[in-house]
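These values consider heavy atoms only, across backbone and side chains, with no hydrogens, waters or symmetry-generated copies. Predicted model, so just to flag it, every value in this text is computed and none were measured.
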Amino acid sequence: MITPLSPEDRAAALAALPGWRLLADPDALEKSFGFKDFSAAFAFMTRVALAAEKQDHHPDWSNVYNRVSIRLSTHECGGVSMRDVELAHTIDTIVS
């Protein structure tokens, strides 16, 4: 069973995820990314989609031209879990 992170675990996870912020409603991690153009943003989304599929955890996201906004929440537990933290780390690795 997947459980939501405790407040202490959330704080520790967020400290290790530069640029990510914790939303209260909905309970989620969120970050926006900017790219050179639409093609670069879409290429990033493709790499994230492949990684997310491997982790069996899929982001809520949107794309407008060169901007991609990603929101991570684990629907099974109704909040932020380690699955979200792990995917956020993967996303940060992809973008760097």
For this session: Could you check Leu72 against Val80 for side-chain contact (heavy atoms from CB on, under 4.5 Å), going step by step and ending with a plain yes or no?
Result: CA-CA 7 Å; Leu72 303 174; Val80 176; over 6 Å; no
Problem set entry | Residues Trp61, Met45; criterion side-chain contact (heavy atoms from CB on, under 4.5 Å); working and verdict | CA-CA 9 Å; Trp61 56 8; Met45 291 178 72; 3.7 Å; yes
Exercise. Can Leu29 and Arg21 be said to form a side-chain contact (heavy atoms from CB on, under 4.5 Å), step by step?
Worked result: CA-CA 6 Å; Leu29 294 173; Arg21 64 187 183 120; over 6 Å; no
For this session: Given side-chain contact (heavy atoms from CB on, under 4.5 Å), test Ile70 with Trp20 step by step and report yes or no.
Result: CA-CA 10 Å; Ile70 299 177; Trp20 289 87; 4.2 Å; yes
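With respect to the salt-bridge test (charged N to carboxylate O, under 4.0 angstrom), the residues Arg71 and Asp27 do not qualify.
Using a 4.5 Å heavy-atom threshold, the side chains of Leu87 and Pro59 count as touching. Residues Asp37 and Tyr65 form a side-chain contact, since some pair of their non-hydrogen atoms from C-beta on lies under 4.5 Å apart. When side chains are defined from C-beta on, Cys77 counts as touching Ile2, because their heavy atoms get closer than 4.5 Å. Counting heavy atoms from C-beta on, the side chains of Ser81 and Pro4 never come closer than 4.5 Å. Residues Glu76 and Arg83 have side chains in contact (heavy-atom distance under 4.5 Å, counting atoms from C-beta outward). Contact of the His89 side chain with the Val85 side chain is registered, since non-hydrogen atoms from C-beta on lie closer than 4.5 Å.
The main-chain N or O of Asp9 is found under 3.5 Å from a side-chain atom of Ser6 such that the two form a donor-acceptor pair. Proximity of a side-chain donor or acceptor of Ser73 to a complementary backbone N or O of His75 within less than 3.5 Å is not detected. Panel note: side chain Asn63, backbone Arg67; a donor-acceptor pair is recorded below 3.5 Å. Under the 3.5 Å distance criterion, the side-chain polar atoms of Lys31 are left unmatched by any main-chain donor or acceptor of Asp92. Of the possible polar contacts, none joining the Asn66 side chain to the Phe38 backbone as a donor-acceptor pair under 3.5 Å is found.
The structure places CZ of Arg10 at 13.0 Å from CG of Leu17, a figure rounded to the nearest 0.5 Å.
Under the 3.5 Å distance criterion, with hydrogens and angles disregarded, a donor-acceptor pair is assigned to the side chains of Thr90 and Gln55.
Here the shortest heavy-atom pairing between Ser96 and Thr93 reads OG-O, 3.1 Å. Between Asp84 and Gly79, the closest heavy-atom pair is OD2-O, 3.5 Å. Closest approach of Glu53 to His58, counting heavy atoms only: OE1-NE2, 2.8 Å.
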